[in-house]
Amino acid sequence: MADLLNMALCSDLVVRERRLPADLGGDRPHSFKAAAGTGGSSQDNASVRDVVSYLKSGYPILDVMELTTDVIGGAFRVPGGSSVLTDGQYVWREDLAWYVEQYNIDLPRDFLETARSHGFRTPPADPDALLNASLEVSRALGFQQKP
């Protein structure tokens, strides 16, 4: 049975986890600070840097040629911001790292635990799995597949 994409974070700041239909629902997003297990502000900053680095190092599976503008406060612009990256388990927009860095937004606890378990380094991924994830994301976003 094919995996489905389940939205795990609200609005256009999307982190999606590939899940089987029986597994839909899951945990709601939690506070970044609580899920990251951080305490003081200097430790928070180091953890934010780790998560931002992890998000930026994902494998590109859908490239979009555009410039996105920060929808919260207009503080930044990201070339290709709607492009989609993955670590092999989760998919997210290119510009998500910028929102985490600028606004310390909430991310799902499971995502943060996965990133932490990999030492905040994107794990190796099988090229066929990346291709399948790319096709799945393209379908979920309504892109036409060539016959």
N104 CG to L107 CG distance, which is reported to the nearest 0.5 Å |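 Atom-to-atom, N104:CG and L107:CG are 8.5 Å apart.
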Rounded to the nearest 0.5 Å, what's the gap from CD on Q89 to CG on D110? Could you check?
->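 Answer for the CD-CG pair, Q89 versus D110, is 8.0 Å.
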Ignoring hydrogens, what is the shortest heavy-atom contact between [X] and [Y]? Give both atom names and the distance.
| X | Y | result |
| --- | --- | --- |
| T114 | S117 | O-OG, 2.7 Å |
| G73 | Y103 | N-OH, 3.1 Å |
| P123 | Y54 | CD-OH, 3.8 Å |

Heavy atoms, side chains only, cut-off 4.5 Å: are [X] and [Y] in contact?
| X | Y | value |
| --- | --- | --- |
| F120 | V51 | yes |
| N132 | E136 | no |
| L62 | F143 | yes |
| K56 | E101 | yes |

Under the 3.5 angstrom rule, does the side chain of [X] hit a backbone N or O of [Y] as a donor-acceptor pair?
| X | Y | value |
| --- | --- | --- |
| S134 | L130 | no |
| D126 | A129 | yes |
| S57 | S53 | yes |

Under 4.5 Å between side-chain heavy atoms, hopping through other hydrophobics if needed: is there a path connecting L141 to L135?
->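 No, L141 does not connect to L135 through the hydrophobic network.
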Say whether Y59 and D87, considering side chains only, have a donor N or O and an acceptor N or O under 3.5 Å apart.
->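 On atom types as modelled, these side chains do not qualify, holding no pair under 3.5 Å.
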Qualifying residue for side chain to side chain contact (heavy atoms under 4.5 Å, CB included) with L55, from Y99, Y90, F111 =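 It is F111, the one option of Y99, Y90, F111 that forms the side chain to side chain contact (heavy atoms under 4.5 Å, CB included) with L55.
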So does R139 have more than 12 non-hydrogen atoms from other groups sitting under 6.0 Å from CZ?
->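 Buried by this count: over 12 neighbours within 6.0 Å.
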Chi angles and distances behind the side-chain contact (heavy atoms from CB on, under 4.5 Å) call for I105, L96 | CA-CA 9 Å; I105 63 167; L96 180 60; 3.5 Å; yes
Sequence neighbours excluded and cut-off under 3.5 Å, please list the side-chain donor-acceptor pairs for residues 78-85, or say none.
residue	atom	partner	partner atom	Å
S82	OG	E66	OE2	2.3
S82	OG	R93	NH1	3.4
S82	OG	R93	NH2	3.4
S83	OG	V64	N	2.8
S83	OG	V64	O	3.4
S83	OG	G80	O	2.9

Other ILVMFWY residues reachable from L67 by side-chain steps of under 4.5 Å =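 L67 shares its hydrophobic cluster with no other residue.
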